[in-house]
Amino acid sequence: MSTNPLLRPSGLRHDAVPFTEIKVDHYLPALDEAMAEAKKNIDAIKATAAAPDFQNTIVALEKATAKVFDIAYVYSNLRSANGDAAMQALAPQVMPRLIKLESDINLDAELFKRVETAFRNLPATLTSEQKTLAEKTYRSFCRNGAMLDASAKERLRTLDEELSILGPKFSEHVLKATNAYTLVITKSAELAGLPESAIEAAAAAAAEKGQVGAWLFTLHAPSVLPLLKYADSRELRRTIWYAYNSRAYGGDYDNQAVLKRIAALRQERAKLLGYESHAHFQTEERMAESPDNVRSFLARLLSKTKPAAEREMNELREYMKAKGFQDELQPWDYAYWSAKLKEEKFKLNAEETRPYFQLEHVLAGAFEHARRLFDLEFSQVTDLPVYAEDVQVYEVRRRGSSEYMGLFYTDFFPRSTKSGGAWCTRFKSQFKTAGQNHRPHVSIVCNFTKPTPTKPSLLTFQEVTTLFHEFGHALHSLLSDCQYRSLACTNVYRDFVELPSQILENWARHKEGLALFAKHYQTGALLPADMVKKIIDGENFHAAYLMMRQLRFGYLDMAWHANAPASDVDVATFEKSAVAPTDLLPNVTGTNISSSFEHIFAGGYSAGYYGYKWAEVLDADAFELFEERGVFDRDVADLFRRHILERGGSDHPMKLYKAFRGRAPDPDALLRRSQLI
């Protein structure tokens with residue numbers, strides 16, 4: 001048996017990942033051995049004497065590379081969540097290996113011939129999931145160069161290898177640029193307006209760096225957001241806003257050349273494969289189906305939203321003037337003045353709710369939602385290893401039967417080795433073999449407000465909804481009940497994957513949901529009814545502005561990937577033109593979104609960022625059914641579980657949605673919820 005912990009069963013319960021045994025120098029040998037095994041598996045498929053069929057070709061191919069991608073899961077997840085310099089430096093060696101294997105498979109003419117023969121002769125007795133797997137396998141070959149000539153195949157290999165290096169490089173630059181910046185305040189007067197929680201956190205951060213008596217701010221969200229929202233010093237707000245919005249734009253970690261190269265290579269790749277653009281390639285396997293449909297979708301939302309957003313901005317400007325502020329509204333002013341206006345309108349300061357959102361209570365509330373809706377129970381365990389000190393792990397079982405459903409890891413606080421933002425991922429996927437249901441190991445990774453020396457982690461309401469969002473993704477994996485791993489869990493169309501996550505946010509905004517976890521961290525008193533009402537009433541405050549912000553990202557994404565510019569284009573100029581339809585505030589020289597837009601340049605959302613709004617239409621429409629029947633109605637929850645959460649990508653998402661809802665989604669549901677119609 002191998003001594004490499006990535007190549008042998010861990011010996012732990014549920015074959016949990018042995019994080020404490022894995023060293024950086026284990027990854028490449030493990031990958032090389034797993035890839036050699038995968039190639040033997042592929043050769044065996046090609047050497048099969050029997051005629052190609054679903055089992056000996058499609059299913060066999062599904063299994064052939066499983067070990068490789070189990071190792072890749074661990075590496076890529078830890079590179080993002082706990083990626084020190086050694087892990088980051090490994091990416092240019094790991095990612096090309098994975099891409100080479102994929103290319104070797106997709107461009108193998110003999111293997112493709114077997115796949116095509118099996119696909120063309122599928123028996124009528126196959127289940128819908130089996131048919132989906134066969135079609136997905138065949139289309140993957142077609143969409144990734146199987147029918148190209150030899151010269152074009154070699155060019156495709158070159159493109160894919162370079163892209164596999166550039167994505168991690170982009171992400172690494174953002175992380176390094178984020179970590180490189182600190183803002184140290186030595187005069188307490190400059191902190192006027194900041195809540196005690198932010199001041200205490202900044203003092204603790206400074207003390208950790210040996211600067212006792214000072215206050216240290218970083219570009220991580222829990223540090224940036226309080227400054228923008230509460231600091232009376234306009235110059236302080238401008239400083240931190242500018243630093244955040246110029247990350248990886250110029251300087252030692254400049255991403256301009258990287259992102260332009262990514263866009264150009266994606267465009268060339270799409271053209272090589274016969275598509276008009278990368279956006280055409282991507283949307284072919286999306287619910288939207290084409291860039292034109294995406295543009296129409298965004299334009300429809302824009303037409304309904306922009307007039308309302310402009311009214312919101314005009315109201316805000318009038319409010320500012322009434323308070324004696326006569327200067328032009330700038331981006332670093334928005335969060336500050338809108339918070340004051342919201343507080344005045346709804347008589348609720350966001351900081352007043354923090355004591356009611358202790359992280360542990362919110363997480364317990366999310367677990368209670370999973371219990372009431374889907375019969376899942378979460379029990380923390382301490383005998384399984386984790387990859388960082390503050391990571392926790394839970395065993396998940398089905399209530400009543402105690403059936404094991406998976407492992408659930410939580411990783412909540414910022415650190416210098418963690419990328420920004422929040423996400424959900426898996427270390428192991430769900431699938432079935434020989435009567436055994438292999439259960440997933442799921443992780444949610446966030447950058448929440450850390451505990452201080454005197455207080456536990458007390459979340460903002462935005463952080464509360466973020467936790468519920470990522471937990472919704474986790475439920476999508478934990479409840480998966482598919483036969484094949486490539487169709488299981490969140491392996492669905494990109495503009496469908498956000499439905500389970502976004503719908504769960506609705507419970508965090510509902511009085512019945514809040515009643516399950518919103519209690520004062522010291523007294524245990526429930527969040528007062530008047531505060532609950534104010535939170536709910538205030539949810540649509542500046543809804544149009546917030547929608548415009550998401551539309552801005554969607555327009556920018558489509559610009560880079562549906563109309564890739566010339567390689568010598570100026571990034572800021574191109575971006576300014578792309579997002580012009582969504583402008584509400586002045587563009588600021590020296591900043592841009594593109595240089596740190598990891599979702600589209602280093603994540604999986606290229607030509608797919610619109611999917612957040614697309615899925616929001618689905619979630620608004622779906623939650624209306626819960627509201628009609630009762631937000632904890634088990635019949636509706638069972639429908640959602642059976643037709644959405646358990647099914648993964650085993651069928652077309654529109655078919656799954658109609659099975660749940662009984663009809664197609666109502667496109668006006670989102671506008672109704674946001675009170676824009």
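Along the sequence shown, the residues carry numbers beginning at 1. Since the structure is predicted, the reported quantities are computational estimates derived from the model, not experimental observations. In what follows, every heavy atom counts, from backbone to side chain, and hydrogens, waters and symmetry copies are set aside.
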Taking side chain to side chain donor-acceptor pair (under 3.5 Å) as the definition, give me every residue that meets it alongside [X], ordered by chain and number, with sequence neighbours left out.
X    : result
D375 : R399, R634
E135 : none
R397 : E395

So, does [X] use its side chain to make a donor-acceptor pair with the main chain of [Y] at under 3.5 Å?
X    : Y    : result
E598 : V174 : no
T158 : E154 : yes
T132 : S128 : yes
R494 : G604 : yes
R286 : A607 : no
N144 : N106 : no
S401 : E403 : yes
E470 : V445 : no
S10  : A16  : yes
N121 : T117 : yes

Not counting sequence neighbours, which residues clear side chain to side chain contact (heavy atoms under 4.5 Å, CB included) with [X]? List them please.
X    : value
S290 : D292, N293
A146 : F112, F141
H438 : F431, T433, Q436

Side chain to side chain donor-acceptor pair (under 3.5 Å): pairs with one or both residues in [range], sequence neighbours excluded:
range            : result
residues 27-45   : D32-R97
residues 61-71   : E62-S486, D70-R485
residues 649-665 : D621-Y657, D621-R661, D621-R663, R647-S650, D651-K655

Would you mind reporting whether [Y] and [X] have side-chain heavy atoms less than 4.5 Å apart?
X    : Y    : value
L6   : V74  : yes
Q550 : F553 : yes
K418 : S80  : no
C142 : M147 : yes
C424 : V442 : yes
Y610 : L551 : no
S594 : L556 : yes
F408 : I444 : yes

Just by distance, with hydrogens left out, do [X] and [Y] show a side-chain donor and acceptor under 3.5 Å apart?
X    : Y    : value
N4   : H26  : no
T425 : N77  : yes
Q282 : S606 : yes

Answer yes or no: are there more than 12 heavy-atom neighbours, outside [X] itself, under 6.0 Å from its atom [atom1]?
X    : atom1 : value
K613 : NZ    : yes
E284 : CD    : yes
K113 : NZ    : no

To the nearest 0.5 Å, what is the distance between [atom1] ([X]) and [atom2] ([Y])?
X    : Y    : atom1 : atom2 : answer
R261 : L163 : CZ    : CG    : 8.5 Å
Q502 : E616 : CD    : CD    : 5.0 Å
C489 : K428 : SG    : NZ    : 13.0 Å
L61  : L111 : CG    : CG    : 5.5 Å
E161 : L265 : CD    : CG    : 11.5 Å

When H473, E498, R426, H476 are each screened for side-chain hydrogen bond (donor to acceptor under 3.5 Å, both in side chains) with T490, the one that passes is R426
Assess whether ring-ring contact (aromatic ring centres under 6.0 Å, His included) is satisfied between Y387 and Y409, documenting all intermediate values. CA-CA 10 Å; Y387 58 83; Y409 295 82; 7.3 Å; no
Should the pair [X]-[Y] be classified as a salt bridge under the 4.0 Å nitrogen-to-oxygen rule?
X    : Y    : result
K271 : E276 : no
D160 : K100 : no
R120 : E116 : yes
R642 : D481 : no
D15  : R439 : no

Would Y75 and F69 count as a ring-ring contact (aromatic ring centres under 6.0 Å, His included) here? Give the steps. CA-CA 10 Å; Y75 171 73; F69 290 99; over 10 Å; no
Test I42 against every option in L101, I105, D104 by the side-chain contact (heavy atoms from CB on, under 4.5 Å) rule and name the one that passes.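 Between I42 and the candidates, side-chain contact (heavy atoms from CB on, under 4.5 Å) is satisfied uniquely by I105.
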Should the ring pair F597 and H599 be called parallel, tilted or perpendicular, given that the plane angle runs from 0 to 90° and is split at 30 and 60?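 Geometry flag for H599 against F597: tilted rings.
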Go through it in stages, so that I can follow the logic: the residues are Y73 and F427, the test is ring-ring contact (aromatic ring centres under 6.0 Å, His included), and I'd like the CA-CA distance, side-chain angles, deciding distance and then a yes or no. CA-CA 6 Å; Y73 275 154; F427 289 103; 8.5 Å; no
ring-ring contact (aromatic ring centres under 6.0 Å, His included) contacts in which one or both residues fall within residues 266-287, not counting sequence neighbours: Y275-F281, H278-H561
Keeping to residues at least two apart or across chains, list the ring-ring contact (aromatic ring centres under 6.0 Å, His included) pairs with something in residues 35-68. none
Quick one: do E285 and R143 satisfy salt bridge (charged side-chain N to carboxylate O under 4.0 Å, His left out)? Show the steps, please. CA-CA 10 Å; E285 291 198 332; R143 283 168 48 81; 3.7 Å; yes
Please enumerate all residues that pass salt bridge (charged side-chain N to carboxylate O under 4.0 Å, His left out) together with D557, with sequence neighbours excluded.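 For D557 there are no salt bridge (charged side-chain N to carboxylate O under 4.0 Å, His left out) partners, ignoring immediate neighbours.
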